[in-house]
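In the text below, chain A, chain B and the rest are named by the order of the sequence lines, each starting its count at 1. Predicted model only: the values in this text are computed from it and were never measured. All values below were derived from every heavy atom in this structure, side-chain atoms included, with hydrogens, water molecules and symmetry-related copies excluded.
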Number of protein chains: 2
Amino acid sequence: MASSGTESRRVTIHDVARSAGVSRQTVSRALNNKGEIHGSTKQRVLDAALALGYRPSRFARGLVRQDTISVGLVIPDLLNPFFTEVAAAALEAARAHGWHVLVYDTADSAEEERGTLQVIASQVDAVVGYFSRSEDEIEKLTRGLPVVLIDRERRSDRFSAIRIDGEAGVQAAITHLVEKGHRRIGMLDHAGRAEPSVRHAWFAAATAACGLDEGPVCRADQSVEGGESALETLLAEHPDVTAVFTFNDIIAIGALRAARRLGRSVPRDLAVIGFDGLRLGTLVEPPLSTVALDTRGLGALAVEQAARLLTGSGPLTPDELVVRAELRLRESG
Amino acid sequence: MASSGTESRRVTIHDVARSAGVSRQTVSRALNNKGEIHGSTKQRVLDAALALGYRPSRFARGLVRQDTISVGLVIPDLLNPFFTEVAAAALEAARAHGWHVLVYDTADSAEEERGTLQVIASQVDAVVGYFSRSEDEIEKLTRGLPVVLIDRERRSDRFSAIRIDGEAGVQAAITHLVEKGHRRIGMLDHAGRAEPSVRHAWFAAATAACGLDEGPVCRADQSVEGGESALETLLAEHPDVTAVFTFNDIIAIGALRAARRLGRSVPRDLAVIGFDGLRLGTLVEPPLSTVALDTRGLGALAVEQAARLLTGSGPLTPDELVVRAELRLRESG
DNA sequence: TTGAAAGCGGTACCAA
DNA sequence: TTGGTACCGCTTTCAA
């Protein structure tokens, strides 16, 4: 009996109209604060609506005045501070447009990503975010929705993609390390994909440009723990390494911790430079040097492109869809 | 000329139908993979839809099959790691229900909060989150929407509220400090509201229970910098303080930094215990002792209550809507 | 297998 | 100031 009593149908504008003894449009007027309605009538309608617990259907309303825009923001892991920053920036940019943002955390899982992509198409006007699946699949699942990919190499021009250009920043980082006297520089790359990351390519190019031998590379999970164990492995196999560049700041922070545990003083015995420019990097000891990205700019750019795609006003070109990274020296390297 | 060419009206199911030479319901069938349709017809429709760039209106669709549920998650500052954790937990819980989540960051501003509340009602089926405005105002703006308030004392029973009970945890923290020999324990409260926080009340009760004099209190902004300057002020005015309890972990981390700068070794010269139990606390040096909250449980509980409110299946009672905090000793105190 | 018609719950435009 | 009517874009029911 407990759950059967609440078997109530939705309260519609019609119910309110009947209850107040007026027509539907009068109810509409009362609720939307239009003029052209008698004060007492309005009050009566409002009372009826309240008594009935009436709430207008967002679908019906959206159908007739198609003004609200919603975008889907897809993030692999909201707890990763980098994505948190991007998400916050995107939220802010969307708010400036008056848009609503539906956030989906795919938990770094291709399966969740698929599920998200599947349901998202019917809920939003555009999609922005990080994806691991192929463009073909994304295309199939989003069916013509404007999509803005972040930090991905564009294989076709079906989608917009925000490219992260860290080449110069990484070069500056390596040059800096070399000037400090480092000759054996390793890298902690991320372990997500099969191939080495683009950041690794920048690293390799930079060391080569400095005339160094190719440094040793170790794969790390994208977590503090991942960074810790990766650094341990790297140093165990290559004790001569005096500096490391990491795929991102999270991994770098792990490296910092591992270094301390191993009794290596940073930056004296080991220099560490990360990538991303997280605020978090200023809180650790020593503060983390990093190749910093403008995460706010990134989020804003992604939303801006979505806006242009949506309005059909000349979208940004690939040349403009770039966020550059620059070396930010603190104390770790 | 550039922008005028794209003045296109929305492509509707009707356009597709005409283009494919079929009726609208046939288009619907083709797109929704219903049976009862000839293979070739289906293909023709699909082709036409693709060519026209057709995408079904989510409003029209939602109107007829009212199955998707969306909740609004309102957060004061997504970049504050505590709220990030709560948001991530809520997202996860919502996903388990198959719900969509619209996230709003009110930037700690009562004005933004008002704006959010205003637009949110027409977009979601329920609201969950942090609010600073009075229940009257929230009520007025949400008009009957189910609302779950987090970390707020309930003044009426118009809303559900998740209460955070840190009394025992704080008592344990203070007891621990006293056992360590501390006699003069200060607090860094937050500076947001006019009155002292509930956490301060717990602190005061705990020190009193331990037979201590009332410790000095200093207000701090909810940021690392806020914690830094607050600790400096506190120690300048009360140099005899040997331990501090803080409103939250962020402030505590600021205190840690300030202590280092002041040459006070933690925990030897100054013990610090925070509140929240952020993961971040494990990354700082020394790792932060804290009165920890189960943030995942918090997010899940909030969403669970929203679900019950929505389905009308017996909502959780105030007694059940509580998240308790417990002392988690690491190294800072 | 296909199409016609009737809504879903609102709002806008008109006439009363 | 009010109500009638049409219609937003889609899906469902029922008949052809």
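Atoms CZ (Arg58(A)) and P (dC8(C)) sit 18 Å apart, rounded to a whole Å. The separation between Asp15(A) atom CG and dG10(C) atom C1' is 13 Å, rounded to whole Å. Separating the CG atom of Leu52(B) from the P atom of dG9(D) is a distance of 14 Å, rounded to the nearest angstrom. Spacing between atom CG of Leu63(B) and atom C1' of dC8(C) amounts to 4 Å, rounded to whole angstrom units. Rounded to an integer number of Å, the gap from CG of Asn33(A) to P of dT11(C) is 12 Å.
Taking 4.0 Å as the cut-off between side-chain N and carboxylate O, Arg296(B) and Glu85(B) do not count as a salt-bridged pair. At a threshold of 4.0 Å, the pair Glu111(B)-Arg133(B) counts as salt-bridged, since one of the basic side-chain nitrogens sits closer than that to a carboxylate oxygen.
The side chain of Thr41(A) places an N or O atom within less than 4.0 Å of a non-bridging phosphate oxygen (OP1 or OP2) of dT2(D).
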Counting primed atoms, P, OP1 and OP2 as sugar-phosphate and everything else as base, the B/S/- map of nucleotides 10-16 of chain D against protein heavy atoms under 4.0 Å is BBB----

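Considering only residues two or more places apart in sequence or on other chains, Asp108(A) meets the side-chain hydrogen bond (donor to acceptor under 3.5 Å, both in side chains) condition with none of them.
When only modelled atom types and interatomic distance are considered, Glu113(B) and Ser132(B) share a side-chain donor-acceptor pair under 3.5 Å.
Each of Phe59(A) and Ile37(B) was assigned the nucleotide of DNA chain C with the nearest heavy atom; the assignment lying further toward the 5' end belongs to Ile37(B).
When the options Leu91(B), Val124(B), Leu310(B), Asp125(B) are evaluated for a side-chain contact (heavy atoms from CB on, under 4.5 Å) with Trp99(B), the one that passes is Leu310(B).
Using a distance-only test at 3.5 Å, with no hydrogens or angles considered, no donor-acceptor pair links the side chain of Arg308(B) to the main chain of Pro315(B).
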